[in-house]
Amino acid sequence: MDLGGAPPVFSACAELAGDHARVTVTGEVDMATADTMVQTALREPARQLTLDLRAVTFFDSAAIHAVVQLAQRFPGALTVLPSRQVRRVLEISGLGEQGWLDPA
């Protein structure tokens, strides 16, 4: 009997309110899914982006690269809401003090 269950399935969905897009991501963001996260964020014609990663359970170097791409695409207009795992990975990678990373 496996009580751990399967890893959460990756999903990324976008909501647009005016010129502000909110992309909510769940599951594992890795080499196989990071580009989908970016494409979902860029699909909407937004000037501001909130990337909600609070339900992300795994975050690797491809995911870091994807977030950096989005930070470059939305200079001064990106907010990342990290899960504990995402925050740890960003801190280890030296990105823990970026202005786009929500401090909460």
Side-chain angles (χ1 to χ4, degrees):
M1 184 166 160
D2 179 15
L3 297 176
V9 174
F10 170 83
S11 71
C13 62
E15 299 172 21
L16 188 63
D19 65 353
H20 183 200
R22 180 183 192 93
V23 175
T24 303
V25 182
T26 61
E28 298 183 353
V29 184
D30 57 18
M31 188 170 81
T33 59
D35 188 56
T36 301
M37 179 180 72
V38 171
Q39 293 308 313
T40 300
L42 297 179
R43 190 175 303 139
E44 302 297 340
R47 290 187 182 171
Q48 293 185 319
L49 174 64
T50 297
L51 192 58
D52 187 343
L53 304 178
R54 293 177 292 183
V56 169
T57 56
F58 179 80
F59 200 76
D60 73 0
S61 60
I64 294 168
H65 179 71
V67 170
V68 169
Q69 277 184 288
L70 290 171
Q72 292 170 345
R73 171 65 177 79
F74 294 91
L78 173 66
T79 301
V80 175
L81 308 175
S83 67
R84 189 174 55 166
Q85 292 88 341
V86 170
R87 182 177 303 281
R88 179 166 164 73
V89 169
L90 290 173
E91 287 174 353
I92 289 169
S93 67
L95 297 172
E97 300 299 318
Q98 294 297 312
W100 43 257
L101 185 61
D102 185 66

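Bear in mind the structure is a predicted one, so any value in this text is a computation, not a measurement.
In this structure, the side chains of T50 and Q48 stay at 4.5 Å or more apart for every pair of heavy atoms. For the pair V67 and M37, the minimum side-chain heavy-atom distance is below 4.5 Å. In this structure the side chain of V56 never reaches within 4.5 angstrom of the side chain of F10, judged on heavy atoms. At least one side-chain heavy atom of V68 sits less than 4.5 Å from a side-chain heavy atom of L95. For the pair V89 and Q85, the minimum side-chain heavy-atom distance is 4.5 Å or more. Between D52 and R22, some side-chain heavy-atom pair lies under the 4.5 Å cut-off. Using a 4.5 Å cut-off on side-chain heavy atoms (C-beta onward), T26 and C13 make no contact. Looking at heavy atoms from C-beta onward, L42 lies in side-chain contact with L70 at the 4.5 angstrom threshold.
Hydrophobic clustering (side-chain heavy atoms under 4.5 Å, transitive across Ile, Leu, Val, Met, Phe, Trp, Tyr) groups V38 together with L78.
Here the CG-CD distance, from D35 to Q69, works out to 7.5 Å after rounding to the nearest 0.5 Å. Taking CZ from R87 and CZ from R54, the interatomic distance works out to 11.5 Å, rounded to the nearest 0.5 Å. In this structure, the separation between CG on L53 and CG on L81 is 7.5 Å, given to the nearest 0.5 Å. With values rounded to the nearest 0.5 angstrom, T57 atom OG1 is found 12.0 Å from R84 atom CZ.
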Can you give each donor-acceptor pair under 3.5 Å made by side-chain atoms of residues 97-104, sequence neighbours left out, with the distance rounded to 0.1 Å?
from : atom 1 : to   : atom 2 : distance (Å)
D102 : OD2    : A104 : N      : 3.4

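Here the closest heavy-atom approach between residue A63 and residue V29 is recorded as CB-CG1, 3.4 Å. Residue A62 comes nearest to A34 through the heavy atom pair O-CB, 3.6 Å, listed as atom of the first residue, atom of the second, then distance.
Other residues, nucleotides and ligands contribute over 12 non-hydrogen atoms within 6.0 Å of the CD atom of E91.
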